[in-house]
2 protein chains.
Amino acid sequence: MKDNNDMPGHLARRFQQIAVAVFLAEVGDAGFDLTPVQYAALATIKANPGLDQVTLAGLIAYDRTTITGVIDRLVQKGLAERRASSRDRRARELEITDEGRRTLRKITPVVESAQRIMLRGLNAREGEELMRLLRKAIAAGNELSRAPLRDVQA
Amino acid sequence: MKDNNDMPGHLARRFQQIAVAVFLAEVGDAGFDLTPVQYAALATIKANPGLDQVTLAGLIAYDRTTITGVIDRLVQKGLAERRASSRDRRARELEITDEGRRTLRKITPVVESAQRIMLRGLNAREGEELMRLLRKAIAAGNELSRAPLRDVQA
DNA sequence: TACTGATAGTCAGCATACTGAGCAATATCG
DNA sequence: CGATATTGCTCAGTATGCTGACTATCAGTA
């Protein structure tokens with residue numbers, strides 16, 4: 001009988017579970033109410049002003065049906081805006097607000113600190129190696145999930 | 001601006017996303033309707049007949065509030081039974097059914113095959129190293145999530 | 001231009017996961 | 001023994017994530 005600790009699937013879930021808990025604890029302690037998904041979306045909107053929801057989803061590998069709710073909550077918190085696109089009436093253009101910019105600026109060092117805490121059991125070399133192997137495994141499996149990572153095309 | 005690919009948290013989410021998708025695809029193709037959580041719970045019940053829900057949760061690092069619903073669905077599918085404990089009237093004793101045993105027997109090779117697919121971008125040595133590093137990071141962060149792994153005490 | 005297919009977004013439904021609260025039962029200790 | 005704390009489980013509420021379906025719009029083409 002194979003042990004859970006020999007199952008990459010189990011280890012993946014467990015590591016992610018800890019990563020989310022660390023993120024929420026650090027961000028919450030700093031006085032913010034933002035989930036990992038919301039942070040990733042907000043940072044990506046800031047880096048790509050005016051992008052539409054499908055492009056955003058592709059850049060951070062979320063399902064487009066999940067993005068709808070995430071944007072709803074960012075808008076409701078006053079951190080982002082969703083407006084109709086002039087070029088394509090189906091699409092929504094996303095913008096970060098000043099409040100969103102302020103939040104992002106204050107929260108980014110906290111998020112980076114959280115990343116270090118997730119790896120606190122590993123030394124620097126091991127942390128790098130873990131990320132390298134994860135990147136490699138993810139690249140090979142990218143198309144296997146419904147929400148693969150998509151580059152922006154020029 | 002730190003790239004997503006330098007964030008262990010992002011990589012963790014992405015790898016887990018792929019792992020779940022692979023699991024569901026393989027299990028579904030084999031004709032079964034069982035989620036990763038349900039599989040882990042069922043296998044653990046079989047290995048520890050009569051255990052209660054809190055012990056089960058600790059063995060596979062789930063929150064006890066999540067386990068309630070998971071067991072509901074296993075019972076509803078006829079794969080497990082939940083009965084009142086005689087020793088402690090608060091607790092429920094969990095048992096696998098014959099149907100659950102049959103399902104588990106047929107599904108286990110499929111699950112193991114899914115584990116290999118998740119790592120298909122890595123060679124054997126890299127796969128082992130990834131699992132070693134994940135185990136190490138998880139051990140150091142075990143207490144940081146609300147649902148830490150708990151060994152059974154004698 | 002009319003038809004066909006693809007695309008952007010939303011929605012309903014289901015299954016994790018979590019927080020926090022509550023109830024019932026058990027354990028502990030003065 | 002009785003008050004208190006703890007434990008096992010459930011529930012309400014919220015937020016991912018997914019499948020599948022639907023509407024509106026756009027793009028390509030006969």
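Below, chain A is the first sequence line, B the second, and so on; all start at residue 1.
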Look for any protein N or O under 3.5 Å of an N or O in nucleotides 23-26 of chain C and output each such pair with its distance, or none.
residue : atom : partner : partner atom : Å
C:dA25  : N3   : B:Arg90 : NH1          : 3.4
C:dT26  : OP1  : B:Arg89 : N            : 3.1

query: Between atom CD1 in B:Ile67 and atom C1' in C:dA17, what is the gap in whole Å?
result: 11 Å

Non-hydrogen atoms of B:Arg101 and B:Lys46 that approach each other most closely: CG-CE, 4.3 Å

query: Mind checking whether A:Ile107 and A:Leu42 have side chains closer than 4.5 Å, heavy atoms only?
result: no

task: Give a yes/no on whether any side-chain N or O of A:Arg73 is located under 4.0 angstrom from OP1 or OP2 of D:dT16.
output: yes

query: Heavy atom of residues 13-38 of chain A under 4.0 Å from DNA chain C: which residues?
result: A:Arg13, A:Gln17

- prompt: Do B:Arg13 and B:Gln16 meet the criterion of a side-chain donor-acceptor pair at a distance under 3.5 Å?
  reply: no

task: Would you kindly give the OH-to-P distance between B:Tyr62 and C:dT16, to the nearest whole Å?
output: 8 Å

- prompt: What nucleic acid atoms does A:Asp63 come within less than 4.0 Å of, heavy atoms only: base, sugar-phosphate, or nothing?
  reply: base

- request: Could you walk me through whether A:Leu74 and A:Tyr39 pass the side chain to side chain contact (heavy atoms under 4.5 Å, CB included) test, one step at a time?
  value: CA-CA 9 Å; A:Leu74 287 178; A:Tyr39 171 78; over 6 Å; no

Table of protein N/O atoms under 3.5 Å from nucleotides 11-13 of chain C N/O atoms:
none

- request: Start with the C-alpha distance between B:Val37 and B:Tyr62, add both sets of side-chain angles, then the distance that settles side chain to side chain contact (heavy atoms under 4.5 Å, CB included), and finish with yes or no.
  value: CA-CA 9 Å; B:Val37 191; B:Tyr62 292 120; 3.4 Å; yes

task: Considering just the side-chain nitrogens and oxygens of B:Gln53, establish if one lies under 4.0 Å of OP1 or OP2 belonging to D:dT10.
output: yes

Presence of A:Arg92 side-chain N/O under 4.0 Å of C:dT10 phosphate oxygens OP1/OP2: yes

- prompt: D:dT16 C1' sits how many Å from A:Leu42 CG, rounded?
  reply: 17 Å

